[in-house]
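Okay, structure first, notes after.
Each ligand, and each atom within it, is numbered from 1 in the order the structure gives.
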Amino acid sequence: MNKTPRMKMREQDVEVRNRNFLEVALGYSYEEAIEEAKRCIDCKNPRCVMACPVRVKIPEFIKYLLEGALETAFETIYEDNILPSICGRVCPQESQCEGACILGIKQEAVNIGALERFVGDYGMEHNLADQTEVKNNGTKVAVVGSGPAGLANAASLRKKGYDVTIFEALHDFGGVLKYGIPDFRLPKDIVAHEIDNLKTMGVTFVKNAVIGKSLTIEQLMKEEGYKAVFIGSGAGLPSSLGVPGENLNGVYYANEFLTRVNLMKSRAIPTSKTPIKLGNNIAVVGGGNVAMDAARTAKRLGAENVFILYRRGREGLPARLDEIHHAEAEGIDMRLLTNPVEIIGENHIVKQVRCEKMKLGEPDSSGRRRPLGTGEFVTYDIDNIIISIGQKPNPIIKDNTANLDTQPWGGIITDEFHMTSIPGVFAGGDVVTGAATVILAMGTGKDAAHHMDEYLQNLH
Ligand code: FAD
Ligand code: SF4
């Protein structure tokens with residue numbers, strides 16, 4: 001077995017990156033990518049492929065990379081994943097492809113994410129994405145939301161010849177890729193490049209179009225002539241903590257905070273119309289990617305002390321390992337087994353957060369050990385608190401669409417073909433699963449396109 005250690009990726013120095021929003025991880029050079037690719041032992045039964053939600057043919061693309069056939073390596077990935085530069089950067093590889101890599105049993109897994117990023121970036125630099133002009137078949141399909149689910153759905157349907165229009169509520173496209181995940185993890189020119197590819201393929205993009213408000217699903221189908229609709233409207237509504245003091249000034253929800261910083265450029269304090277001014281002591285509640293992004297963003301906005309409050313232990317943190325490591329290296333303090341029970345203010349302004357210390361009990365339905373209160377409390381002085389304990393779908397579509405079946409928490413219910421309770425209306429991504437991952441959203445968007453095609457063929 002190959003004993004060469006995993007090739008480290010170069011990164012911006014901590015002291016420098018803490019003061020800018022540029023990408024932290026700098027990627028592999030060609031030589032570094034080749035060295036890392038050599039570690040793949042080309043298993044007969046590649047478990048990594050089965051562990052990738054869209055089944056990227058990993059050993060195959062790595063083999064092409066080793067042969068220097070970068071174009072073919074790109075095409076091999078692209079058959080299954082239209083967003084390789086993005087997934088290579090943000091997939092939780094340790095619980096997907098790399099988590100199943102056989103090398104990982106005795107040493108570190110092959111850095112599949114970094115190799116996919118390298119090949120994806122090569123494809124982007126050389127404009128290799130398939131932009132073949134497909135003849136329009138005249139059948140109109142509407143896609144609601146321009147996140148990874150909507151983009152993947154639109155790309156697949158456009159390739160089949162459908163006249164696809166994406167309706168996006170915001171003034172920019174890309175969903176969470178654009179307004180959630182910060183530039184220091186996912187530079188926005190990468191997202192813009194993917195959107196441009198779709199425009200070149202002939203997909204129409206309409207911005208500032210809130211479906212359920214400016215137009216309903218029913219109007220799209222009955223008045224605007226769309227024969228099928230895909231809802232990929234995500235889970236953008238933050239869950240509240242449900243503790244006293246949550247409405248004080250200085251309390252933010254991570255989604256709103258990140259959207260203002262990423263999309264509305266609130267970090268440009270002297271010039272922004274919606275500036276975000278933080279104090280020096282910031283608590284961030286939650287342990288997922290969103291919480292890490294909010295904490296690292298707060299640090300870059302100049303806050304001196306940023307700490308995470310999380311009710312479980314380190315092994316329960318749901319964020320990607322890289323994000324946890326990067327956050328800690330940047331000085332984010334992890335206050336684990338600590339659960340906020342009250343936000344305390346003075347003159348309506350946040351001053352402190354009171355927390356209960358927790359211990360771990362028996363595993364709960366998620367398989368993780370349940371956090372239990374100890375009856376011991378601790379109070380921290382804070383200037384702001386950013387809440388990041390989960391998101392659910394915005395109810396606007398559900399409330400304005402008759403006969404659309406939803407879960408009690410607001411998620412849209414679909415069958416095995418991704419069709420909702422309304423014939424011709426399909427859905428996928430976070431609006432169905434609840435907050436999940438880019439690749440899962442992309443996978444359902446693509447799969448739904450296949451079934452939408454079957455449905456539309458049968459209409460004729
Ligand atoms: P979204 O990306 O949410 O896109 C939905 C789009 O629909 C949005 O643009 C929204 O404006 C639009 N929309 C909503 N309602 C309407 C309407 N009524 N009409 C028209 N348009 C509408 N996943 C990972 O895999 N790795 C990560 O590192 C990671 N980090 C994350 C960090 C943050 C800060 C956040 C918030 C999420 C992160 N995720 C990560 C999760 C991942 O981004 C999501 O699972 C994924 O984006 C879901 O894709 P989607 O297309 O379903 O929805
Ligand atoms: Fe791994 Fe994500 Fe690429 Fe699949 S898409 S191979 S899970 S990095």
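Using a 4.0 Å cutoff on heavy atoms, N394 does not count as a contact of ligand 1. Put simply, no part of G212 is less than 4.0 Å from ligand 1, judged by heavy atoms. The shell of residues lying under 4.0 angstrom from ligand 1, judged by heavy atoms, includes Y179. Heavy-atom separations between P148 and ligand 1 include at least one value shorter than 4.0 Å. No heavy atom of A435 sits closer than 4.0 Å to any atom of ligand 1. The shortest heavy-atom distance from R185 to ligand 1 is under 4.0 Å.
Any N or O atom pair closer than 3.5 Å counts here, and V290 shares no such pair with ligand 1.
At a 4.0 Å heavy-atom cut-off, ligand 1 does not touch L151 at all. Here E98 has no heavy atoms under 4.0 Å from ligand 2, in either its backbone or its side chain.
Less than 4.0 angstrom separates some heavy atom of G429 from each of these atoms of ligand 1: 52 (O). Heavy-atom proximity to G234, at under 4.0 Å, picks out these atoms of ligand 1: 3 (O), 5 (C), 52 (O), 53 (O). Each of the following atoms of ligand 2 lies closer than 4.0 Å to a heavy atom of I439: 5 (S). Listed by number with element, the atoms of ligand 1 under 4.0 Å from a non-hydrogen atom of D293 are 32 (C), 33 (C), 34 (C). Each of the atoms 6 (S) of ligand 2 lies under 4.0 Å from some heavy atom of I58. Contact atoms of ligand 2 toward Q93: 8 (S) (distance under 4.0 Å to a heavy atom of the residue). Set against the non-hydrogen atoms of N81, the atoms of ligand 2 under 4.0 Å away are 5 (S).
Judged by a 6.0 Å distance limit and a 45° cone about the ring axis, R335 is not positioned over the six-membered ring of Y310.
At a threshold of 2.8 Å, atom 1 (Fe) of ligand 2 has no backbone or side-chain N, O or S atom of C91 nearer than that distance.
Across the listed options E94, E116, R117, M442, E116 owns the non-hydrogen atom lying nearest to atom 3 (Fe) of ligand 2. Looking at E168, R89, K398, Q93 and measuring to atom 6 (C) of ligand 1, the nearest heavy atom belongs to E168. Counting heavy atoms only, D430 comes closest to atom 45 (O) of ligand 1 of the residues D430, I217, D172.
A salt bridge does not link K63 with E60: none of the charged nitrogens is closer than 4.0 Å to a carboxylate oxygen. Under 4.0 Å is where a charged nitrogen must lie from a carboxylate oxygen, and between R300 and E330 at least one such pair does. A salt bridge links E328 to R314: at least one charged side-chain nitrogen sits closer than 4.0 Å to a carboxylate oxygen.
The only member of D163, I217, T165, V164 that meets side-chain contact (heavy atoms from CB on, under 4.5 Å) when paired with Y226 is T165.
The protein heavy atom nearest to atom 1 (Fe) of ligand 2 is C97 SG, 2.3 Å. Nearest protein heavy-atom contact of atom 14 (C) of ligand 1 is S233 O, 3.1 Å. The closest protein non-hydrogen atom to atom 5 (C) of ligand 1 is G232 O, 3.3 Å.
Aromatic ring orientation, F426 versus Y455: perpendicular (interplanar angle above 60°, classes split at 30° and 60°).
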**Item:** Trace of the side-chain contact (heavy atoms from CB on, under 4.5 Å) decision for V290 with L258
**Value:** CA-CA 9 Å; V290 188; L258 289 169; 4.1 Å; yes
